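Position 1 is the first residue of the sequence, and the numbers go up from there. Nothing here was measured: the structure is a model prediction, and the numbers come from that model. Values below: all heavy atoms of this structure, side chains included; hydrogens, waters and symmetry mates excluded.
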Amino acid sequence: MDYAQTLENLIQASYVGNLKELAELWEAMGLSGEEIDQRMDTVRTKISDITTEMVECDRENKMKIEEACNNYKKDIRVLWRKLKQSGEPEQLPSGLTLLEQLKALKLQLTSLEEKRNEIMGQFRSLIDEERAMASKLGLEAVYIDEDTIPEKEDMQRVEDNLRKMIRVKEERETHMFTMKEQIVTLLDALGMDLNATTLSSVLDGDDEFDSLKLSDLRSVQHTMEELRTTLDQKKDEVKTLMTDITNLYSRLAIPASQQCPLSTGQVCGVEELIREDNLTQLKEEKMKLELLKNENMKIIVDNAKSELSELWRVCMVGQKEQDLFLSGLVEDTDETLTDVDTEISRLGRYHAMHKETLQKMATFIDLCDLAQDLKERMQDPKRLFKNRGKAMVQEEQDRKKVNSIPRKKEELLALAEHKGNLIVFDESLSTMVEDYAQLYEELFPPPPTRSKTQQSNSNSLSSTRSGKSFSTTNSLRSNKTASPRSTKKLGRYHTSPAARRNISRVTPLSAHQSSS
């Protein structure tokens, strides 16, 4: 069809009548030839502009359609390769207009996309599950190009990664559940209302899509550890309060019938006492006792000193050491009570550390006393006529005990060698043991040898190399103590827990160290 001729005919039909009228108008007006030529040129120009504009517009439209066709062809070739189709894409029939080509190419691309979606549908659910799991756990998913049909090896990697992440998910869920249970238990132990805490959103998360990233687990673990620390602090606070209250009851000599049952642990254990109402009651009881303590300080200090005296006795603290400590005390003040309590605590630890040595030393001294008593009985000529049978049996039993002194001596010297050469009766343990052993040997000398019979027999039974005797050392037994101050032990020092004050004075310890 000749569109140009048809358009020309249409245009002529539309302006023929107007051209005749224009000619009549120009003649009627009497226009000159130049004016008429000018008007005719205007009509020609306008018609030319309109047709030119239309040509340019449709030329651009033709280029756009051609570009769209080329893009469809390109997409078709790419998708054809991704789908691993054999051969080349189907060619369009010849003689088609551009719009017909565009429509045909679009249908061909749509058909290929539907085929791709059908194939990808077999893998999409697996890929989506793996990516969702990776997002939940904060792990890496296997990279799969969404526009590419996955290879069998790619899908195997996705399946393996998914199985691994499922195991990780189960482990983390178990760990998270355990921690949340512990948090609930800790909150209950602390008497905290879960609904009133910001933890409720963390602990009530039952959604299956809850995040299980490592950062989430660390956050919950941090919360659990903070609560556990708080609980431990509360327990320590309760134990300290109960210890302080018990000490104050003892110091104030308050009878059990007047003591608060809650404060002495008769009502409930520490787990219940940490609750706020019970803890408040403990604090109030301590405050009440502190007021009583301040009002009865002298009695309390005297009671503490009595307790200290008993510890001095069992720890064998010498008189010099006792006097040194007491000289540092002033009047009955809270500071004095603190010093005495500190000394009691130190000596308690000291006694626990050297209990074996102290007990063996006490037994050794008792045996030495028994040795002197036995010697005096044996020297009594009338003993054979007084309760002869009973006395002789007792004498034989005492002799067996006394004969163990050398063995006891070696045991004590071994303890001094390996566990510390303590100070007893203001003297080193090894020195006192040797002195007592020598006194024993003088009371009960071993059978004489040839060399000994040639020696002078001038030593007195009541003296030793240090000029001591049981009669002089027995006076120490009224104060059975052994000073726990530091002393040199076979080349090293054993440190005593005896309390020291920051005052300028020469103590037996400093004198001993300076002489060493």
If every non-hydrogen atom of [X] is compared with every non-hydrogen atom of [Y], which pair is closest and at what distance?
{"X": "Ile344", "Y": "Ala304", "answer": "CD1-O, 3.5 Å"}
{"X": "Asn303", "Y": "Ser250", "answer": "ND2-O, 4.4 Å"}
{"X": "Met165", "Y": "Leu137", "answer": "O-CD1, 3.2 Å"}
{"X": "Thr357", "Y": "Leu412", "answer": "O-CD2, 4.0 Å"}
{"X": "Ile274", "Y": "Ala189", "answer": "CD1-O, 3.2 Å"}
{"X": "Tyr350", "Y": "Cys315", "answer": "CD2-SG, 4.0 Å"}

Tell me whether [X] is salt-bridged to [Y], with the criterion being a basic N under 4.0 Å from an acidic carboxylate O.
{"X": "Glu410", "Y": "Arg407", "value": "no"}
{"X": "Asp41", "Y": "Arg44", "value": "yes"}
{"X": "Glu290", "Y": "Lys293", "value": "yes"}
{"X": "Lys62", "Y": "Glu67", "value": "no"}
{"X": "Lys180", "Y": "Glu173", "value": "no"}
{"X": "Lys239", "Y": "Asp236", "value": "no"}
{"X": "Arg77", "Y": "Glu88", "value": "no"}

Determine whether a donor-acceptor pair (N or O, by modelled atom type, separation under 3.5 Å) exists between the side chain of [X] and the backbone of [Y].
{"X": "His418", "Y": "Ala414", "answer": "yes"}
{"X": "Thr333", "Y": "Thr336", "answer": "yes"}
{"X": "Ser111", "Y": "Gln108", "answer": "no"}
{"X": "Asn117", "Y": "Glu113", "answer": "yes"}
{"X": "Thr342", "Y": "Thr338", "answer": "yes"}
{"X": "Gln259", "Y": "Ile254", "answer": "yes"}
{"X": "Arg251", "Y": "Ile300", "answer": "no"}
{"X": "Arg157", "Y": "Val142", "answer": "no"}
{"X": "Asn247", "Y": "Thr243", "answer": "yes"}
{"X": "Ser428", "Y": "Val424", "answer": "no"}

CA sep, side-chain torsions, deciding dist, call: Gln5, Glu8, side chain to side chain contact (heavy atoms under 4.5 Å, CB included): CA-CA 5 Å; Gln5 184 61 48; Glu8 181 179 359; 3.8 Å; yes

Those residues that, when tested against Gln182, pass side chain to side chain donor-acceptor pair (under 3.5 Å) (two or more places apart): Arg228

Side chain to side chain donor-acceptor pair (under 3.5 Å) partners of Gln266, counting only residues at least two apart: Thr264

Does [X], at its [atom1] atom, have more than 12 non-hydrogen atoms belonging to other residues, nucleotides or ligands within less than 6.0 Å?
{"X": "Glu34", "atom1": "CD", "value": "no"}
{"X": "Gln156", "atom1": "CD", "value": "yes"}
{"X": "Glu90", "atom1": "CD", "value": "no"}
{"X": "Lys355", "atom1": "NZ", "value": "no"}
{"X": "Glu53", "atom1": "CD", "value": "no"}
{"X": "Glu335", "atom1": "CD", "value": "no"}

Modelled atom types, side-chain donor and acceptor of His175 and Glu171, under 3.5 Å: no

Distance-only polar pair, side chains of Gln221 and Glu225, donor-acceptor under 3.5 Å: yes

Is any side-chain heavy atom of [X] less than 4.5 Å from a side-chain heavy atom of [Y]?
{"X": "Leu279", "Y": "Leu273", "result": "no"}
{"X": "Leu329", "Y": "Lys305", "result": "yes"}
{"X": "Tyr15", "Y": "Val43", "result": "no"}
{"X": "Leu109", "Y": "Leu105", "result": "no"}
{"X": "Glu60", "Y": "Cys57", "result": "no"}
{"X": "Val433", "Y": "Met361", "result": "yes"}
{"X": "Asp58", "Y": "Val55", "result": "no"}
{"X": "Gln359", "Y": "Phe364", "result": "no"}

Worked verdict on Asn421 versus Thr431 for side chain to side chain contact (heavy atoms under 4.5 Å, CB included): CA-CA 9 Å; Asn421 195 14; Thr431 299; 5.9 Å; no

Reported [atom1]-to-[atom2] distance for the pair [X] and [Y], which is rounded to 0.5 angstrom:
{"X": "Thr230", "Y": "Leu187", "atom1": "OG1", "atom2": "CG", "answer": "10.0 Å"}
{"X": "Leu98", "Y": "Lys64", "atom1": "CG", "atom2": "NZ", "answer": "14.0 Å"}
{"X": "Leu311", "Y": "Arg346", "atom1": "CG", "atom2": "CZ", "answer": "13.5 Å"}
{"X": "Leu413", "Y": "Ser430", "atom1": "CG", "atom2": "OG", "answer": "7.0 Å"}
{"X": "Met133", "Y": "Lys169", "atom1": "CE", "atom2": "NZ", "answer": "5.5 Å"}
{"X": "Glu159", "Y": "Asp154", "atom1": "CD", "atom2": "CG", "answer": "11.5 Å"}

Derivation of the side chain to side chain donor-acceptor pair (under 3.5 Å) call for Asn161 and Glu130: CA-CA 8 Å; Asn161 192 43; Glu130 188 243 8; 2.7 Å; yes

Single hit among Glu226, Glu181, Met224 for side chain to side chain contact (heavy atoms under 4.5 Å, CB included) with Leu186: Met224

Audit row: Leu79, Asp75, side chain to side chain contact (heavy atoms under 4.5 Å, CB included) steps and yes/no: CA-CA 6 Å; Leu79 191 53; Asp75 292 341; over 6 Å; no

Salt bridge (Lys or Arg N to Asp or Glu O under 4.0 Å) between Arg39 and Glu35, intermediate numbers included: CA-CA 6 Å; Arg39 281 171 170 74; Glu35 289 174 334; 5.1 Å; no

Worked verdict on Glu285 versus Lys288 for salt bridge (Lys or Arg N to Asp or Glu O under 4.0 Å): CA-CA 5 Å; Glu285 180 69 7; Lys288 181 182 74 173; 3.3 Å; yes

Evaluation steps, salt bridge (Lys or Arg N to Asp or Glu O under 4.0 Å), between Asp160 and Arg163: CA-CA 5 Å; Asp160 292 343; Arg163 280 194 295 269; 2.3 Å; yes

